[in-house]
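Notes follow the structure.
For clarity, every value in this text was computed on a predicted model and none was experimentally measured.
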Amino acid sequence: MTAAETHTLSVAGATLTYDVRPGSGEGGTLFLLGSPMSAAGFVSLAAHFTDRTVITYDPRGVDRSKRTDGATETTPEEHAEDLRAVIEAVGAETIDVFASSGGAVNALALVARHPDLIRTLVAHEPPIAEVLPDREIALEIFADMRATYLRDGLGAGMAKFIAAVMHKGPFPANWLDQPAPDPAAFGLPTEDDGTRDDALLGQNMRHCTSHRPDFPALRAASTRLVIGAGRESENEMTARAAVALAEELGLAPTWFPSHHGGFLGGEFGQQGEPEEFAKTLHLTLSDPSGA
């Protein structure tokens, strides 16, 4: 794959940075995205799609994409309009999207708002607590971890986040009555450095997890929807949300190798199975049956 071409794009409230990796063009254009994960998280996966032009980007408020509005929170709808702007700036006739985690939430909002923009969307483990049968306690847990972050800092808030996303099965009703996890147990700082600019816990957490997809719009869209989950993360919150979302849309979930970050090849110190993950994604994009 040739070197990435980097571009910037001014949108309402932010200047976005995105990268375009020209491929052979045989497979069209593929947009790989996450939130708050930046373009740096998709280097390994992009390397397996030399048959396509690959787009990656930094979401607003992350790495190279700077906010210009001074806002401290954003919504999936705002992210969706950013995605639309990038897609239209690239000018591809047909585009497929692989969206991970919060990026999957944002991409679903994009399809609901602009149903003819994307050919296929693979939404991998969107952390939508609203679709869970234990949604009430789940939403309380995510609200508590954000409040903890704002009060006590990154280490305390992130420790609660990690404990919650690693939990298998529905959250017990007394989850918030349990002792708070020790940040040091996860290698996190125990002292508050005073910063409050974390995109996950501060900017995105509240509106991402509480987002309620527009199911009638998604069902009516011309976009082919694929809801994915990692086999190793089965019964964890994000995989449970994927299964519930697929069921609401009348779909069967598509199971990918590895875990929530199964496409990672060492980025951010995390290792998935990027080669096997890419094979599954190739097959999913090329085979409408998802077989």
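A donor-acceptor pair under 3.5 Å is formed between the side chain of H167 and the backbone N or O of P170. The backbone N or O of P76 lies less than 3.5 Å from no partner atom in the side chain of E78, so there is not a single donor-acceptor pair. No side-chain donor-acceptor contact under 3.5 Å links N174 to the backbone of D177. Remark: the backbone N or O of F277 is not paired with any side-chain donor or acceptor of H48 at under 3.5 angstrom. Using a distance-only test at 3.5 Å, with no hydrogens or angles considered, a donor-acceptor pair links the side chain of S65 to the main chain of T17. In this structure a side-chain-to-backbone donor-acceptor pair under 3.5 Å is present from D96 to T120. Q203 contributes a side-chain N or O that, together with a main-chain N or O of R60, makes up a donor-acceptor pair within less than 3.5 Å. In this structure a side-chain-to-backbone donor-acceptor pair under 3.5 Å is present from T223 to P115. Side-chain atoms of N235 do not come within 3.5 Å of backbone N or O of G169 as any donor-acceptor pair.
A distance of 7.5 Å separates OG in S44 from CD in Q271, rounded to the nearest 0.5 Å. Of the inter-residue distances, the one linking R67 atom CZ with D197 atom CG reads 12.5 Å to the nearest 0.5 angstrom. Between E191 atom CD and L188 atom CG the span is 13.0 Å, to the nearest 0.5 Å. Note: L200 CG to D198 CG = 5.5 Å, rounded to the nearest 0.5 Å. The distance from the CG atom of D69 to the OG1 atom of T74 is 8.0 Å, given to the nearest 0.5 Å. Separation of atoms CD1 (I55) and CG (L33) is listed at 9.5 Å; rounding is to 0.5 Å.
The 12-atom threshold is not exceeded at CD of E93, counting heavy atoms of other residues, nucleotides or ligands nearer than 6.0 Å. Other residues, nucleotides and ligands contribute at most 12 non-hydrogen atoms within 6.0 Å of the CD atom of E247. Within 6.0 Å of CD on E88 lie more than 12 heavy atoms contributed by other residues, nucleotides or ligands.
Side-chain contact check for Y57 versus L9: every heavy-atom pair is 4.5 Å or farther apart. Two residues are said to be in side-chain contact when any heavy atoms from C-beta on lie closer than 4.5 Å; L218 and E248 fail this criterion. Between E236 and V165, the closest side-chain pair of non-hydrogen atoms is not below 4.5 Å. In this structure, the side chains of R21 and V43 come closer than 4.5 Å at one or more pairs of heavy atoms. Side-chain contact between E125 and H259: absent, with no pair of heavy atoms (C-beta onward) separated by less than 4.5 Å. Residues M37 and L264 meet the side-chain proximity criterion, which asks for heavy atoms closer than 4.5 Å. Counting heavy atoms from C-beta on, the side chains of M158 and F186 never come closer than 4.5 Å. Counting heavy atoms from C-beta on, the side chains of E73 and R206 come closer than 4.5 Å.
Applying the side chain to side chain donor-acceptor pair (under 3.5 Å) criterion to S24, with sequence neighbours excluded, gives no partner residue.
When every heavy atom of V62 is checked against every heavy atom of S38, the shortest pair comes out as CG1-CB, 3.8 Å. Between S100 and F42, the shortest heavy-atom contact is CB-CZ, 4.4 Å. V11 and A85 get closest at one heavy-atom pair: CG1-CB, 3.7 Å. Residues G61 and A199 come closest through the heavy atom pair O-CB, 4.2 Å. P274 and L45 get closest at one heavy-atom pair: O-CD1, 4.5 Å. Across all non-hydrogen atoms, the minimal contact from I137 to P172 is CG1-O, 3.6 Å.
Between the side chains of S258 and E276, no donor N or O sits under 3.5 Å from an acceptor N or O. Between the side chains of H114 and E81, a donor-acceptor pair is found at a separation under 3.5 Å.
A cation-pi geometry, defined here as NZ or CZ lying under 6.0 Å from the six-membered ring centre and within 45° of its normal, holds between R196 and Y149.
One hydrophobic cluster, built from ILVMFWY side chains closer than 4.5 Å, holds both V97 and V20. Two different hydrophobic clusters hold F215 and L132 under the rule that ILVMFWY side chains link at heavy-atom gaps under 4.5 Å. Hydrophobic clustering of Ile, Leu, Val, Met, Phe, Trp and Tyr side chains at less than 4.5 Å, counting indirect connections, keeps I128 apart from M237. When hydrophobic clusters are built by joining Ile, Leu, Val, Met, Phe, Trp and Tyr residues whose side-chain heavy atoms come closer than 4.5 Å, directly or via intermediates, M166 is grouped together with I141. V111 and L83 end up in the same hydrophobic cluster when Ile, Leu, Val, Met, Phe, Trp and Tyr side chains are linked at under 4.5 Å.
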### Query
Between R231 and E273, does a salt bridge (charged side-chain N to carboxylate O under 4.0 Å, His left out) hold up when you go through it step by step?
CA-CA 12 Å; R231 292 198 178 278; E273 299 176 31; over 6 Å; no
### Query
Would K160 and D144 count as a side chain to side chain contact (heavy atoms under 4.5 Å, CB included) if you check the C-alpha gap in whole Å, the side-chain angles of each, and the deciding distance to 0.1 Å?
CA-CA 9 Å; K160 287 189 172 183; D144 174 70; 2.8 Å; yes
### Task
Give the C-alpha distance, both sets of side-chain angles, the deciding distance and a yes or no for side chain to side chain contact (heavy atoms under 4.5 Å, CB included) between L32 and F263.
CA-CA 11 Å; L32 305 175; F263 52 88; over 6 Å; no
### Task
With side chain to side chain contact (heavy atoms under 4.5 Å, CB included) as the test, would you mind laying out the steps for V90 and F31 before giving the verdict?
CA-CA 10 Å; V90 172; F31 196 169; over 6 Å; no
### Query
Passes side chain to side chain contact (heavy atoms under 4.5 Å, CB included), H282 versus D51? Steps please.
CA-CA 10 Å; H282 267 289; D51 61 324; 3.5 Å; yes
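Between W175 and F171, the two ring planes are perpendicular [angle over 60°; tilted spans 30° to 60°].
No option in L30, T29, I95 other than L30 meets the side chain to side chain contact (heavy atoms under 4.5 Å, CB included) test with R52.
Residue pairs meeting the salt bridge (Lys or Arg N to Asp or Glu O under 4.0 Å) criterion with at least one member in residues 127-141, sequence neighbours excluded: D134-R240.
You'll find the ring centres of F49 and F98 outside the 6.0 Å limit.
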